[in-house]
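Keep in mind the model is a prediction, meaning the values are calculated, not measured. Residue indices begin at 1 and follow the sequence shown.
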Amino acid sequence: MRLLRPALPALLLAAACAHVESPPGGPEDAEPPRLLATRPDTMARLQSYQGPVVFVFSEGISEQNVEQAVTVSPRTSAVDVDKSGDEIRVSLRRGWERGRVYQVNVAAQVRDLFGNVIAEPIRLVFSTGPEIPNTRATGVVVQRTTGQPLVGGRVEATLLPDSLVYTVITDSAGGFELRQVPEGEYRLRAYSDVNRNLELEEFEPRDTATVRVSVAAPPPRRLLAVLLPDSTPPRAGTATAVDEWVEVRFDDYLDPGQPLSPSQVTLTGPAGPVQVAEVRVGRPPALDRDTAERDTAAAARPDTAPAARDTARRDT
C-alpha cells in the first residue's frame, strides 16, 4: 500500500495542469448582420432567371420572422422563403416569368442568432427582359380614427387591367414608396395585417385609392386612412354643454373627414329651436384652448414640464 500512495497526488497534479477550453458560443455578438452579396445583382437585366434569389449575410440568420419579412412583386405565383445558415433564398413556385421586372424586398426585421436586426431594409430589383422603368409613387397610411401612422402595414398596388400586384410595407412614419414599377393605372389597397398571414381578412382595417404612375410626371403623394368595416351605425349617448358648444358622444368612432352641415342637427332650448352655427367631429374648441393654455403655462415651469407633455399626449 505504501507504493501506491504517491500515485494519487501525481494524478491530481496532472489533472490540474490540463488545458481548460473556453465555454462554447464565444463572446456575445452586438453587431447587426451585413449584406455581403446577392444573386442576381440588383438592377440586373437578364433574358431569364432560374433558381432562387439569394441574399448572403456576414453571419448566420435566425429563422424568426424571415417569411413575414420577405415580399416579392409582382406575385406571379406563390412565394417560398428558405433560410440556410447565412443565406436567405427566395423562390417562386412556378419560377420567375420572362418579361417581368421583379422586386424582392427584405424588411428590417431579419435578425442574427443574437437578436441583432439588420440596419435597414433590403431591396433587390432585376428584370427578365424589359428595361427597368424609372417610376416612383409615394404615399402615407394612417389610422383613420386616431390619425396615427400605420407602421408595418401592407400596401398592395394592383396594375389594371392585368392584375399584377406589387406589395410594399409602410415604414415607421406610415410612409410607402413604389419604385421601378410599370407605367399605368394602379388600385392601391392598404391594410393592417393583424394576424401576419399576408392576406386581407374581414376583421382588418383597410382603405383603397387609385394612382396613375408614369415616368414623365410622378403622381402626388397619396393618403390612405385605414378603418375597420362596420355595418352598424353609431348611436348617440350623452350630450354635455361646453360654453357655446353642445358635445354629443357616440358609441363608436366617427369619421373626422365626413362633411357636416348645421342643417343636419336640430337643437331645442327652453325657449324653442336654437340656431346651429357649426357642426364638427372632435373636441369642442373651448376645451382645446383651455388645454393648450394649461400646457403652455405648465411647460414654463421646469418641475411640471414632463406632466404637461403627458397631458398633451393624452389630449391628442
Side-chain angles (χ1 to χ4, degrees), residues 38 40-49 53 55 69-79 90 92 94-108 120-144 147 149-193 198-200 204-227 257:
T38 65
D41 293 333
T42 188
M43 304 304 288
R45 187 178 179 184
L46 312 169
Q47 292 304 312
S48 63
Y49 186 73
V53 168
F55 299 88
V70 176
T71 58
V72 176
S73 300
R75 294 197 308 263
T76 50
S77 64
V79 178
V90 184
L92 294 180
R94 293 203 300 264
W96 307 95
E97 295 182 357
R98 293 191 177 188
R100 304 293 187 195
V101 176
Y102 282 104
Q103 302 183 19
V104 184
N105 295 280
V106 180
E120 57 186 14
I122 301 169
R123 180 172 175 270
L124 187 151
V125 181
F126 70 99
S127 168
T128 56
E131 182 180 352
I132 300 175
N134 186 25
T135 53
R136 182 172 180 264
T138 62
V140 64
V141 184
V142 300
Q143 302 177 59
R144 189 159 190 164
L150 179 64
V151 180
R154 292 179 66 85
V155 179
E156 298 175 345
T158 304
L159 178 61
L160 304 176
D162 55 1
S163 300
L164 289 178
V165 179
Y166 295 80
T167 304
V168 292
I169 307 299
T170 59
D171 59 23
S172 59
F176 67 90
E177 184 178 51
L178 292 168
R179 294 166 55 195
Q180 278 91 36
V181 298
E183 294 183 294
E185 188 83 13
Y186 286 82
R187 182 177 67 249
L188 301 178
R189 182 174 70 176
Y191 62 94
S192 177
D193 190 14
L198 312 182
E199 294 182 359
L200 177 63
E204 293 173 336
R206 79 290 305 269
D207 193 18
T208 60
T210 59
V211 63
R212 173 165 288 279
V213 177
S214 71
V215 175
R221 188 176 178 87
R222 286 290 187 272
L223 172 65
L224 292 95
V226 299
L227 184 69

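In this structure, Asn105 CG and Gln103 CD are separated by 6.0 Å, a value rounded to the nearest 0.5 Å. Arg154 CZ to Ser192 OG: the interatomic distance, rounded to the nearest 0.5 Å, is 11.5 Å. Rounding to the nearest 0.5 Å places OH of Tyr186 at 9.5 Å from OG1 of Thr158. One finds the CD1 atom of Ile122 at 11.0 Å from the OG1 atom of Thr42 (value rounded to the nearest 0.5 Å). For the atom pair Leu159 CG and Leu178 CG, the distance stands at 11.0 Å (nearest 0.5 Å). From Leu188, atom CG reaches atom OG1 of Thr208 across 8.5 Å, with rounding to the nearest 0.5 Å.
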>> side-chain contact (heavy atoms from CB on, under 4.5 Å) for Val168 and Thr71? Distances and angles first, verdict last.
In response: CA-CA 7 Å; Val168 292; Thr71 58; over 6 Å; no
>> For a side-chain contact (heavy atoms from CB on, under 4.5 Å) check, start with the C-alpha distance between Val79 and Val90, then their side-chain angles and the critical distance, and finish with the verdict.
In response: CA-CA 7 Å; Val79 178; Val90 184; 4.0 Å; yes
>> Before you tell me yes or no, could you show the steps for Gln180 and Asn134 under side-chain contact (heavy atoms from CB on, under 4.5 Å), namely the whole-Å CA-CA distance, both residues' side-chain angles and the distance that decides it to 0.1 Å?
In response: CA-CA 5 Å; Gln180 278 91 36; Asn134 186 25; 4.2 Å; yes
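Looking only at atom types and distance, the side chain of Thr167 has a donor-acceptor partner in the side chain of Arg75 under 3.5 Å away.
Using a distance-only test at 3.5 Å, with no hydrogens or angles considered, no donor-acceptor pair links the side chain of Arg189 to the main chain of Arg206. Within the 3.5 Å criterion, the main-chain N or O of Leu150 finds a donor-acceptor partner in the side chain of Thr170.
Contact between Ile132 and Ala44 at its shortest, heavy atoms only, is CD1-O, 4.2 Å. Among all heavy-atom pairs drawn from Val213 and Ala137, the shortest one is CG2-CB, 4.0 Å. Nearest heavy atom pair, residue Ala225 against residue Arg144, reads CB-CB, 3.8 Å. Of all the heavy atoms in Pro40 and Leu46, the pair that sits closest is CB-CD1, 4.1 Å. Between Tyr191 and Glu156 the shortest heavy-atom distance is OH-OE2, 3.0 Å. In this structure, Ser77 and Leu92 approach most closely via the heavy-atom pair OG-CB, 3.3 Å.
Counted within 6.0 Å of CD on Glu120, heavy atoms from surrounding residues, nucleotides or ligands total 12 or fewer; the atom is thus considered open. Environment of CZ in Arg136: sparse, with no more than 12 heavy atoms of neighbouring residues, nucleotides or ligands closer than 6.0 Å.
The salt bridge (Lys or Arg N to Asp or Glu O under 4.0 Å) analysis of residues 98-108, with sequence neighbours excluded, yields the pairs Glu97-Arg100.
With contacts defined as side-chain heavy-atom distances shorter than 4.5 Å, the pair Val226/Val141 qualifies. With contacts defined as side-chain heavy-atom distances shorter than 4.5 Å, the pair Tyr102/Tyr49 does not qualify. With a 4.5 Å cut-off on side-chain heavy atoms, Val181 and Pro133 do not count as touching. Contact of the Val215 side chain with the Thr135 side chain is registered, since non-hydrogen atoms from C-beta on lie closer than 4.5 Å. For the pair Asp207/Leu227, no side-chain contact is recorded, criterion being any heavy-atom separation below 4.5 Å from C-beta on.
None of Pro130, Ser73, Pro74 except one satisfies the side chain to side chain contact (heavy atoms under 4.5 Å, CB included) rule with Val101; the exception is Pro130.
Listed by chain and number, the residues in a salt bridge (charged side-chain N to carboxylate O under 4.0 Å, His left out) with Arg123 amount to none (sequence neighbours excluded).
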